[in-house]
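As the structure is a computational prediction, the values presented were derived from the model and not from experiment. All values below come from the heavy atoms of this structure, side chains included, with hydrogens, waters and symmetry mates left out.
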Amino acid sequence: MSTDRKSLSRIERWKLHAAELRSDTYALYLACRDPRVPWLPKFLAAIVVAYALSPIDLIPDFIPVIGYLDDLILVPLGLALVIRLVPEEVMAAHRATAAHRLSGTHHIKWAGAAIVLIIWGILLVWLFILARRMLGE
């Protein structure tokens, strides 16, 4: 990102930073699948990417202020740590791939999102049935 950050407003800088985090998260996902990456960075990258993409947080988002702290602190710190462990040339290649795919020129696969939604739907139905049984007794 060659944009001069000082000429941007604070909100524009945050948006740029968020886009970089999204791109790095996707690049780490790609690095997890690369045989050139040692097992420890792969393992840590898998944990960071899973946490970043998971709807379940250590601190639930509905708690005012501190609910977003884990997203604002843990994810960027985890990304920074794992990026340092992945070989530079591998990370550069995956960052380029991530930037291309996230630019809108590549079709996004919705199968993963559909699977997550189906799992959440099954869980909600199960909880509803369980609650009905408990309240009916």
Where do Leu123 and Trp126 land on the side chain to side chain contact (heavy atoms under 4.5 Å, CB included) test, with the steps shown first?
-> CA-CA 5 Å; Leu123 180 62; Trp126 178 75; 4.0 Å; yes
Flag, side chain of Thr25 to backbone of Leu21, donor-acceptor distance under 3.5 Å | yes
Indicate if Trp39 and Leu44 have the same hydrophobic cluster label, given that clusters are the connected sets of ILVMFWY residues with side-chain heavy-atom separations under 4.5 angstrom.
-> yes
According to the interplanar angle, ranging from 0 to 90°, do the rings of His17 and Trp14 count as parallel (below 30°), tilted (30 to 60°) or perpendicular (above 60°)?
-> perpendicular
Determine whether Leu127 and Trp120 fall in the same hydrophobic cluster, where Ile, Leu, Val, Met, Phe, Trp and Tyr are linked whenever their side-chain heavy atoms lie under 4.5 Å apart.
-> yes
If you draw a 6.0 Å radius around CZ in Arg84, do more than 12 non-hydrogen atoms from other residues or ligands fall strictly inside?
-> no
Neighbour count above 12 (heavy atom, 6.0 Å) for Leu124 CG = yes
Verify side chain to side chain contact (heavy atoms under 4.5 Å, CB included) between Leu30 and Arg101, making sure each step is shown before the conclusion.
-> CA-CA 11 Å; Leu30 297 172; Arg101 289 184 181 174; 3.6 Å; yes
Within a reach of under 6.0 Å around OH of Tyr51, are more than 12 heavy atoms found that belong to other residues, nucleotides or ligands?
-> yes
What heavy-atom pair brings Val37 and Lys42 nearest, and what distance separates the two atoms?
-> O-CE, 3.2 Å
The reported gap from CG in Asp24 to CD1 in Ile83 (rounded to nearest 0.5 angstrom) is 4.0 Å
Between atom CD1 of Ile11 and atom CG of Leu16, what is the distance when rounded to the nearest 0.5 Å?
-> 13.5 Å
CZ/Arg133 to CZ/Phe128 distance, rounded to the nearest 0.5 angstrom?
-> 12.0 Å
Indicate the atoms forming the closest heavy-atom contact of Cys32 with Ala46, along with that distance.
-> SG-N, 3.4 Å
Within the distance-only criterion (no hydrogens, no angle test), does the side chain of Lys15 pair as donor or acceptor with the backbone N or O of Arg10 below 3.5 angstrom?
-> no
Shortest non-hydrogen separation from Leu102 to Ser23 and the atoms involved | CD1-CA, 3.6 Å
Path from Leu135 to Ile129 over hydrophobic side-chain contacts below 4.5 Å = no
So which heavy atom on Val75 is nearest to which on Val48, and how close?
-> O-CG1, 4.3 Å
Between NE2 on residue His94 and OH on residue Tyr26, distance to nearest 0.5 Å | 10.5 Å
pair Pro87-Pro41: side-chain heavy atoms closer than 4.5 Å = no
Determine, step by step, whether Leu28 and Met91 satisfy the side chain to side chain contact (heavy atoms under 4.5 Å, CB included) criterion, reporting the C-alpha distance in whole Å, the side-chain angles of both residues, the deciding distance to 0.1 Å, and the verdict.
-> CA-CA 8 Å; Leu28 279 180; Met91 195 64 202; 4.0 Å; yes
